Protein chains: 2
Amino acid sequence: MATRRERLREQTSAEIKATALAHLREGGGAALSLRAVAVSIGMSPAGLYRYYPNREALITDLITDGFAALAEEVTRARDAAKGDAFVAAALAYRQWALTHPHEFALLYGTPIPDYAAPESGPTSHASRAVGAAFVPPIIEAWHRGTLKRREVDPTITALNTFAAAVDLPPDAAAIAFTAWTTIHGLVVLETFGHLAWLGENPAPLAESRFQALSEDLGIAP
Amino acid sequence: MATRRERLREQTSAEIKATALAHLREGGGAALSLRAVAVSIGMSPAGLYRYYPNREALITDLITDGFAALAEEVTRARDAAKGDAFVAAALAYRQWALTHPHEFALLYGTPIPDYAAPESGPTSHASRAVGAAFVPPIIEAWHRGTLKRREVDPTITALNTFAAAVDLPPDAAAIAFTAWTTIHGLVVLETFGHLAWLGENPAPLAESRFQALSEDLGIAP
DNA sequence: GTCAAAGTGTGAACACTGATCGCAGTGCAG
DNA sequence: CTGCACTGCGATCAGTGTTCACACTTTGAC
């Protein structure tokens with residue numbers, strides 16, 4: 001069973017992460033200061049290093065949690081959808097990004113140079129869960145036979161790897177890949193402000209594009 | 001005519017920017033230090049402030065140049081294409097991102113919080129030039145009548161704004177918008193390392209997706 | 001119960017960063 | 001030639017991540 005010390009450590013660890021998340025939401029990743037977090041929880045800056053070896057480790061932890069939260073949100077919306085589950089998932093993805101811009105930036109913004117999350121580590125796993133959340137409606141469409149498949153080159157190893165991961169034949173996986181990159185492209189441009197010049201109300205444009213995407217690819221039921 | 005002082009100032013200014021760009025290419029935006037730039041050109045750190053009011057101004061300058069360079073590269077490839085100019089442009093976009101990852105991250109990565117480039121300023125202008133570089137092949141396809149247009153809601157103001165900017169009717173503009181976001185989505189995911197798990201050779205996948213996109217949207221000649 | 005070991009927190013310090021300010025020189029225009 | 005704007009510099013400030021020696025507390029074995 002957990003000793004008293006282990007419980008306290010767990011608790012302090014959680015408090016650090018929660019406080020860091022609060023600071024992140026307020027000022028963004030670049031403004032996330034270990035010292036500020038330390039004083040927020042009434043600790044000396046050096047004390048944090050008993051829990052995280054460095055700033056990067058703390059941020060990596062936040063990233064992992066962020067991927068998990070995003071994946072959960074998308075999955076929830078997809079499963080609760082009354083109409084097109086794929087469109088519902090895409091809208092949830094967009095919504096989460098817009099309501100959590102700083103977290104989204106941590107997940108999909110400028111990467112840390114020379115840093116690669118360890119393959120099959122929790123961060124990589126959580127990251128793939130996001131993409132995977134979009135796949136089930138595509139599998140359904142595949143079974144339904146509505147998917148607008150087109151012949152693909154069987155020698156494209158990257159596509160075959162992707163196909164194996166999402167459990168689809170390559171030609172259907174290609175559609176899933178396009179769907180995912182298209183959604184992400186629109187959302188990342190909007191979230192990072194590159195569509196601001198289109199005016200105050202970009203939501204209908206995003207919605208209509210998701211809808212058209214679903215229909216064009218033959219995902220829509 | 002330019003006085004001696006003006007010439008010197010221009011020259012120093014250019015040297016600062018060039019050195020900053022070199023540092024950016026090496027270590028990324030986060031590692032771009034004013035002091036390091038200063039010592040590289042044999043100047044005191046404080047001296048830089050005679051040329052740029054702060055670090056952000058210098059970075060903004062680099063961003064503007066980056067957008068211009070990217071737009072030029074895409075335009076060049078598009079105009080030199082023998083086959084599908086749209087695919088050629090998309091490939092050039094991807095190639096520039098992969099060969100200039102830190103500059104690309106500055107352009108399309110995590111934005112500076114609360115910072116918005118002044119509308120109709122040089123940065124915004126250069127940014128739109130990138131998207132605009134993809135439009136001509138779509139206009140051609142529109143004239144050719146191959147574009148796979150689908151009815152769009154005429155009340156979507158954001159789409160109408162976009163349509164006016166690219167000089168296309170809304171239903172054709174919608175295709176241009178989707179094309180642009182799809183390309184960007186794939187490239188940003190790949191450049192920022194989110195497709196690393198697909199293996200060493202993602203190029204054929206990207207190429208095949210661009211090709212399929214061009215054909216599916218009816219852009220390909 | 002004793003006691004050494006392991007774990008936890010602290011204050012001081014280091015090497016950085018961006019930024020400011022007053023003080024020197026220097027080129028330029030009147 | 002003189003006054004002024006411009007240019008550059010050293011010193012300095014506040015803030016950052018990180019390290020380290022030191023105290024204190026909890027733990028587990030004897």
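Numbered from 1 within each chain, the chains take letters A, B, ... in sequence-line order. These numbers come from a predicted model, not from an experiment.
Following rounding to the nearest Å, B/Met43 (CE) and D/dT7 (C1') show an atom-to-atom distance of 8 Å. For the pair A/Arg55 CZ and D/dT18 P, the computed distance is 8 Å after rounding to whole Å. Per the geometry, CZ belonging to A/Arg7 stands 12 Å off C1' belonging to D/dT26, to the nearest Å. One interatomic measurement links the two molecules: CG of A/Leu58 to C1' of D/dT16, which rounds to 15 Å at whole-angstrom precision. Per the geometry, CG belonging to A/Leu8 stands 9 Å off P belonging to C/dT8, to the nearest Å. With rounding to whole Å, B/Glu10 atom CD is found 16 Å from D/dT7 atom C1'. Per the geometry, OH belonging to A/Tyr52 stands 17 Å off P belonging to D/dT19, to the nearest Å. Distance, A/Leu34 CG to C/dC16 P: 19 Å, rounded to whole Å.
Both A/Leu32 and B/Gly42 sit near DNA chain D, but only B/Gly42 has its closest nucleotide nearer the 5' end. Nearest-nucleotide assignment on DNA chain C puts the 5′-proximal partner with A/Ala46, out of B/Asn54 and A/Ala46.
Among the nucleotides C/dG9, D/dT7, D/dT18, the one closest to the side chain of B/Arg9 is D/dT7. Checked against D/dT18, C/dT8, C/dG18, the side chain of A/Tyr51 finds its nearest nucleotide in C/dT8.
A cation-pi arrangement is not found for B/Arg78 relative to B/Phe134, the charged atom failing to lie both closer than 6.0 Å to the ring centre and inside a 45° cone about the ring normal.
Residues B/Leu107 and B/Trp96 are in side-chain contact: their nearest non-hydrogen atoms beyond the backbone lie under 4.5 Å apart. Contact check for A/Asp216 versus B/Asp216: no side-chain heavy atoms found under the 4.5 Å cut-off.
Ring geometry, B/Phe104 versus B/His184: the interplanar angle falls from 30° to 60°, so the pair is classed tilted.
Taking 4.0 Å as the cut-off between side-chain N and carboxylate O, B/Glu73 and B/Arg76 count as a salt-bridged pair.
Residue side chain B/Arg35 reaches the base of C/dG18 through a donor-acceptor N/O pair under 3.5 Å, judged by distance alone. Between the side chain of B/Arg50 and the base of D/dG8 there is at least one donor-acceptor pair of N/O atoms closer than 3.5 Å.
Residue contacts shown for B/Ser44 include a base, since a base heavy atom lies under 4.0 Å away. No contact: A/Leu48 has no heavy atom under 4.0 Å from any strand.
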